[in-house]
Amino acid sequence: MEESNRLEEERRAKVTRLRAEGLEPYPWEFPGRVGSDRIRESCARIPPGEADRSGSVRVAGRLRAVRVHGKTTFADLEDGYGTVQLLLRADALGEAPYGRWLSFLDPGDIVGAEGFAAVSRRGEPSVEVGGLTLLAKAIAPPPEKYHGLQDPEEKLRRRYLDLLASPESRERFRLRTHLLQEIRAVLDASGFLEVETPVLGPVASGAAAAPFVTRSNYLDQEVRLRIATELSLKRLVVGGLEKVYELGKVFRNEDLDTTHSPEFTELEVYWAYADYHDMRRLVESLFERLADRTVELSGGSEEARRRAAAFRPPFATVDFVDELERRSGLVGVAEKGREELASLARGIGSTVPAESTRGTFLDKLFEHYVEPTFDRLTFVVDHPAATTPLAKRHRSKPGRVERFEIFVPPGYELGNAYTELNDPDEQERRFREQLAEKGAEHYAYDEEYVRALRHGLPPTTGVGLGVDRIVMALTGAASIKEVLLFPLVRPRPLPSDRGPAAPPG
RNA sequence: GGGCCCGUAGCUCAGCUCGGUAGAGCAGGCGGCUCUUAACCGCAAGGUCAGGGGUUCGAAUCCCCUCGGGCCCGCCA
């Protein structure tokens with residue numbers, strides 16, 4: 001049931017009147033329109049106060065502001081290419097049609113105009129309108145023309161209003177799409193094959209996170225939404241697809257906060273016969289391309305240059321264990337037992353459960369002592385084996401794995417890469433250790449994946465990148481919600497849930 | 001889960017300290033205006049002050065609860 005109000009009733013009445021006069025408020029087409037940018041280009045050659053009457057132009061878009069000035073009216077029309085002013089004059093349109101149009105039109109309406117490119121006496125690129133067509137009458141009024149939509153809740157719940165009121169918001173999402181296209185372009189050009197792996201499956205594995213659980217009627221059993229694409233993609237490498245990637249949504253049944261969303265876009269790349277050093281070079285070159293694209297698409301603004309610079313070398317590199325010991329003053333931290341690590345974690349105020357793994361405690365210590373010290377994009381390398389069940393043991397550092405994580409100040413993670421563990425028996429053992437330590441509800445054991453490994457996974461490197469967070473960093477968004485078109489929000493309570501109904505009158 | 005803050009007209013915001021008939025701008029209505037660009041001038045209209053309860057002669061304002069949102073912390077990691 002749609003809520004109605006006085007303003008909407010008035011606009012509905014206009015629709016009725018339009019129809020009574022034989023004018024269709026929602027027609028089917030407006031052929032031959034050109035973008036407002038093209039009209040502005042033509043206007044560059046026209047002196048103020050004059051028009052180019054050698055040929056007419058057609059333009060269509062949404063009315064923003066309407067300035068009625070007696071028998072002349074100025075209206076700002078916005079389309080996908082920018083804005084252009086419409087110049088409506090009673091003597092050009094005819095007195096009666098001019099008055100009729102003024103009584104029908106409101107800001108927010110979608111209109112088409114035909115006329116001559118012209119420049120107003122004050123120098124504004126315009127279309128001197130000879131004919132006007134209503135293309136879609138807006139019943140609901142648009143947000144306030146100067147301030148736009150400010151309420152952060154409304155911006156998220158009704159993104160279309162945010163977009164139509166805020167060019168900056170439109171630009172941010174346009175840049176997001178172009179950055180995703182650039183990621184694909186870089187990987188495609190390097191011979192990687194884009195694939196799609198299942199969202200639904202019996203086991204949500206590849207990361208430690210709570211899955212969304214739903215149900216397949218066909219299978220008559222529970223299925224889970226993927227929390228990572230890692231294990232599917234490595235099966236493909238076993239199958240001989242040596243360079244694959246997937247850029248898509250993964251789902252984690254957890255909180256939405258400044259840097260987390262229950263559904264987010266992740267890039268995972270797997271590359272056979274390469275190791276994590278190769279992967280780091282690939283990621284660094286990808287980052288540079290994204291930085292270039294950001295500057296290019298932001299018109300080279302100073303702000304964009306500054307943000308992009310963070311994605312160019314030189315990057316900081318820190319060894320997980322060395323840096324943790326340096327910052328904390330602890331010695332031999334990676335060799336300490338679970339009990340001792342637990343008490344160290346308690347000492348820094350962590351409340352993670354006492355039965356957590358050694359890896360969890362090490363991560364907590366690292367988060368506390370090291371992450372806040374990052375002052376630029378930083379690669380953290382060679383983590384203790386206990387923190388990482390899917391990575392291969394380090395070729396020269398005992399007790400470590402070949403891994404890098406990428407952090408951006410003020411301290412959120414952008415990505416994670418390994419030289420992949422491809423020894424099936426060791427993989428099985430590590431899965432079982434995880435299960436024993438953390439419990440089945442936290443770690444899904446994908447038995448079928450281990451079976452695939454037994455057929456031989458070549459030496460392989462893989463990476464997972466949080467695409468939303470990369471977009472955040474490159475667009476200067478303070479919250480992940482600003483780079484998601486439709487972030488998950490709690491549904492508004494229905495009117496019937498708002499407490500007792502009014503007493504019967 | 002804890003702390004702090006916000007919710008007033010379709011939109012942007014005052015009013016809340018210190019309780020006394022709910023205000024402005026935009027948008028909309030009516031009138032005026034042929035070069036404005038947040039156009040301007042005049043008139044009239046527009047409210048479940050998020051919802052519920054309490055205190056009080058009197059509550060947008062003070063107190064409690066609920067809902068929605070924001071920020072910080074914790075957790076998922």
Side-chain angles (χ1 to χ4, degrees), chain A residues 3-11 13-14 48-50 63-77 83-93 95 98 103 105-108 118-126 128 138-158 161 165 207-211 227 252-260 262 349-353 356-357 359-364 366-367 371 387-388 405 412-413 416 438 441-443 478-479 481 487 489-502:
Chain A
E3 226 175 80
S4 62
N5 60 48
R6 190 175 43 88
L7 293 177
E8 294 195 2
E9 285 315 312
E10 276 163 7
R11 289 175 173 223
K14 292 179 183 178
E50 294 187 22
L63 287 181
R64 302 299 303 247
V66 180
R67 297 178 289 280
V68 182
H69 208 284
K71 295 201 167 90
T72 299
T73 292
F74 304 91
D76 297 332
L77 182 119
T83 62
V84 69
Q85 176 172 267
L86 301 184
L87 216 165
L88 306 163
R89 291 219 319 262
D91 51 12
L93 278 162
E95 290 266 348
Y98 174 83
S103 73
L105 291 179
D106 291 295
V119 174
S120 74
R121 280 176 217 161
R122 296 289 177 88
E124 183 71 25
S126 306
E128 189 184 86
I139 299 299
E144 208 255 0
K145 68 182 174 190
Y146 185 59
H147 299 91
L149 189 67
Q150 292 300 324
D151 183 342
E153 180 178 352
E154 287 299 297
K155 284 165 86 87
L156 302 181
R157 287 184 188 274
R158 307 175 72 195
L161 284 184
I227 57 175
R252 299 186 182 180
N253 206 341
E254 287 156 13
D255 287 355
L256 189 152
D257 65 28
T258 318
T259 55
H260 297 75
S350 171
T351 58
V352 292
S356 302
T357 61
T360 300
F361 294 126
L362 285 167
D363 278 335
K364 285 289 149 198
F366 190 84
E367 260 174 47
E371 283 182 21
T387 62
T388 317
E405 267 186 301
Y412 56 85
E413 187 187 353
N416 190 17
K438 296 196 83 172
E441 73 275 20
H442 283 106
Y443 243 91
S479 163
K481 280 171 270 190
V489 288
R490 201 175 294 277
R492 283 222 171 89
L494 296 168
S496 58
D497 295 334
R498 283 189 172 177

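Residue numbering restarts at 1 for every chain, and letters A, B, ... go by the order of the sequence lines. Note that these values count all heavy atoms, side chains included, but never hydrogens, waters or copies made by symmetry.
Of the candidate nucleotides G10(B), G69(B), U37(B), G69(B) has the atom nearest to the side chain of R157(A). Minimum atom distance to the side chain of S479(A) is reached by C71(B), of the listed U37(B), C33(B), C71(B). The side chain of P107(A) lies closest to A27(B), out of A27(B), U34(B), G70(B). Nearest nucleotide to the Y146(A) side chain, out of A38(B), U12(B), U37(B): A38(B). The side chain of E144(A) sits closest to U12(B) out of U34(B), U12(B), U37(B). When the nucleotides U37(B), C35(B), C75(B) are ranked by their closest atom to the side chain of R89(A), C35(B) comes out on top.
Side-chain atoms of Q150(A) stay outside donor-acceptor range of the base of U12(B), with no qualifying N/O pair under 3.5 Å.
Between K481(A) and the phosphate of G70(B), there is a side-chain N or O to OP1/OP2 separation shorter than 4.0 Å. Contact annotation: R490(A) side-chain N/O to C67(B) OP1/OP2 distance is not under 4.0 Å. Side-chain N/O atoms of S126(A) include none lying less than 4.0 angstrom from OP1 or OP2 on C35(B).
Across the C1' atoms, C43(B) and U37(B) are found 25 Å apart, a figure rounded to whole Å.
Of the charged side-chain nitrogens involved, none lies within less than 4.0 Å of a carboxylate oxygen, so that R6(A) and E9(A) do not count as a salt-bridged pair.
Going from atom CD of E154(A) over to atom P of C11(B) covers 7 Å, rounded to whole Å.
Using a 4.0 Å heavy-atom criterion, one finds that D255(A) contacts the bases of the nucleic acid, with or without backbone contacts as well.
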